[in-house]
Amino acid sequence: MNETKTPGTFDIAAKSGRARTGVLHTSHGPIRTPAFMPVGTAGSVKSLSNPEIEATGADVILGNTYHLWLRPGCNFLRDWGGLRNFSGWNKALLTDSGGFQAWSLSSIRKIDDEGITFRSHLDGAKLRFTSETVLDAQRAIGADIIMALDECTPSDADIPTATRSWERTLSWTRTMAELWHKDPTAHGHAQLLFGIAQGSLHAGLRERSCRELAELDLPGLAIGGLSVGEPEPEMYRIASVCTEVLPEHKPRYVMGVGTPRNLLELIDLGVDMFDCVMPTRNARNGMVFTWNGAFHYKAAKVAKDPRPFDPDCQCLACRSHSRAYLRHLFVSNEILALRMATIHNVHFYQDLMDASRRAIANGTWPEFKRTTLERLERKGEPL
RNA sequence: GUGGCUGUAGCUCAGUUGGUUAGAGCCCUGGAUUGUGAUUCCAGUUGUCGGGGGUUCAAGUCCCCUCAGCCACC
């Protein structure tokens, strides 16, 4: 396991049905899959220090091109030798292209065939996102995995709209892939470019989207445009269509997902990588995830609960504090509550991935998935 | 003792020349949260409007009495 492999190498060690476990190698360490990647939009997994992130077991974290472009700026980061040098994070980094902001910030952007123009939400300045500028930006930020510019299509888009949208995404991806192939190490180390499938909830479009992407010979492929409001079964249906078409030997990344249940279902469909703000955001909003389900730790019912968030968890929060104390801190607006809950949630997500990897490796995946899904229904109350 | 001010939700207060089922913020309770514009958002509970009487079609609002707190002067 200590051998250094070429960045982009994806070794699948074991399978169970469509589920797989393996390792994706990057310029800054291996990513064990299935992997959950905590989100650090502005260069920080909110409220956590680098050692705290590492202690959760995360191999890789995310940054966001749109937000980092605004602050501190791409040239600034280039001068620092990339975000990793600036922030001190020395494991793998992935940057999202800003395509999600085409959806989440739809009120302050315009899309045309060449790209996306944002009006900064900070000062109104115009930012022009094209294949070229987004590749440059991500080279400046210096992530190990960079994402193609895409348009995150709304889940209710009709076929003509969704078609126009994914064709635009595909054309941007083609241009970006061409530029990237010319010099995959322009930043100084190998950066793996991932393309993103779109197509909304239309199976035919998704299938075409995945087939077209597969031809671009990129080191990884992502499924975007999910978890944007569609019903859960729809998400699984579309993810399944995609994983059936995507090449077997490339890592598959479902962007922006999700709940612990979502992760297990998608791993079962052959997905290898995930990212989601849920563990970090919900921690700050008073909710924690446990092996016995999620619950609001700010709720009155835990005011005197002496147990840790999760008796089965070895994170700093669970080793140090009771639910009662952490509720008190939350209710009192103490920052420590947010930090501890974030540490716990990210740690739990990593534990969930670790257990999934082991279950796939040792052949107990179906049983593990079934019993875990049952436990996750319990809302934090051990039986 | 005299004069004045103030009494409205658990807290701090708003209530227009009297006019529908008396409001806000905080607190409290519950819920949401899916490639972060999030210490965010949504919803809900709580009232003898200090008490009594009067005027009026109608009083938190006007009048009288009374109680409590505060201030000033004796």
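Residue numbering restarts at 1 for every chain, and letters A, B, ... go by the order of the sequence lines. Side chains are part of it too, since the values below use all heavy atoms of this structure and drop only hydrogens, waters and symmetry mates.
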Rounded interatomic separation in angstrom, taking CE from Met235(A) and P from rG35(B): 11 Å
RNA chain B contacts made by residues 271-286 of chain A, counting heavy atoms under 4.0 Å: Asp275(A), Cys276(A), Val277(A), Met278(A), Thr280(A), Arg281(A), Asn282(A), Arg284(A), Asn285(A)
Sugar-phosphate or base contact per nucleotide [nucleotides 25-30 of chain B; S, B, -; heavy atom under 4.0 Å]: ---SSS
Nearest heavy-atom neighbours spanning Ser16(A) and Ile360(A): N-CG2, 4.0 Å
Distance below 4.0 Å between Gln101(A) side-chain N/O and rG37(B) OP1 or OP2: yes
G-U wobble or Watson-Crick pairing nucleotide for rU46(B) (cut-off 3.5 Å, both distances): none
Rounded distance (Å) that lies between atom P of rG37(B) and atom CG of Leu127(A): 14 Å
Nucleotide forming a Watson-Crick or wobble pair with rG1(B), both distances under 3.5 Å: rC73(B)
Ile238(A) CD1 to rG35(B) C1', straight-line distance once rounded to whole Å: 18 Å
d(OH, Tyr349(A); P, rU33(B)) in whole Å: 11 Å
His189(A) and His187(A) aromatic ring geometry - parallel, tilted or perpendicular at 30°/60° bounds: perpendicular
Separation of atom CG in Leu338(A) from atom P in rU40(B), rounded to whole Å: 10 Å
Ring centres under 6.0 angstrom apart (Trp69(A), Phe118(A)): no
Residue Arg128(A) excluded, over 12 heavy atoms near CZ under 6.0 Å: yes
Within 6.0 angstrom of Glu114(A) CD, more than 12 heavy atoms from elsewhere: no
Polar pair under 3.5 Å, donor/acceptor by atom type, side chain Asn64(A), base rG35(B): no
Tyr66(A) ring center within less than 6.0 Å of Phe100(A) ring center: no
Test item: side-chain donor near acceptor, Gln138(A) and Thr95(A), under 3.5 Å: yes
ILVMFWY clustering at 4.5 Å (side-chain atoms), partners of Ile335(A): none
Strand-adjacent residues in residues 250-263 of chain A, judged by heavy atoms under 4.0 Å from RNA chain B: Met255(A), Gly256(A), Val257(A), Gly258(A), Thr259(A), Asn262(A)
Whole angstrom value for the distance that separates C1' of rG31(B) from NZ of Lys379(A): 10 Å
Paired nucleotide for rA32(B) [Watson-Crick or G-U wobble; both distances under 3.5 Å]: rU40(B)
Minimum heavy-atom distance between Ile31(A) and Thr26(A), given as atom pair plus value: CD1-CG2, 3.6 Å
Cationic N near anionic O, under 4.0 Å, Arg327(A) to Asp305(A): no
ring-ring contact (aromatic ring centres under 6.0 Å, His included) contacts in which one or both residues fall within residues 233-272 of chain A, not counting sequence neighbours: none
Separation of atom CG in Leu149(A) from atom P in rG35(B), rounded to whole Å: 18 Å
Under 3.5 Å on both distances, the Watson-Crick or G-U partner of rC11(B): rG25(B)
Where at least one partner belongs to residues 190-201 of chain A, residue pairs that pass side chain to side chain donor-acceptor pair (under 3.5 Å), sequence neighbours excluded: Asp150(A)-Gln198(A)
side-chain N/O Thr41(A) vs rU36(B) OP1/OP2, d < 4.0 Å: yes
Residue matched to rA68(B) through Watson-Crick or wobble contacts both under 3.5 angstrom: rU6(B)
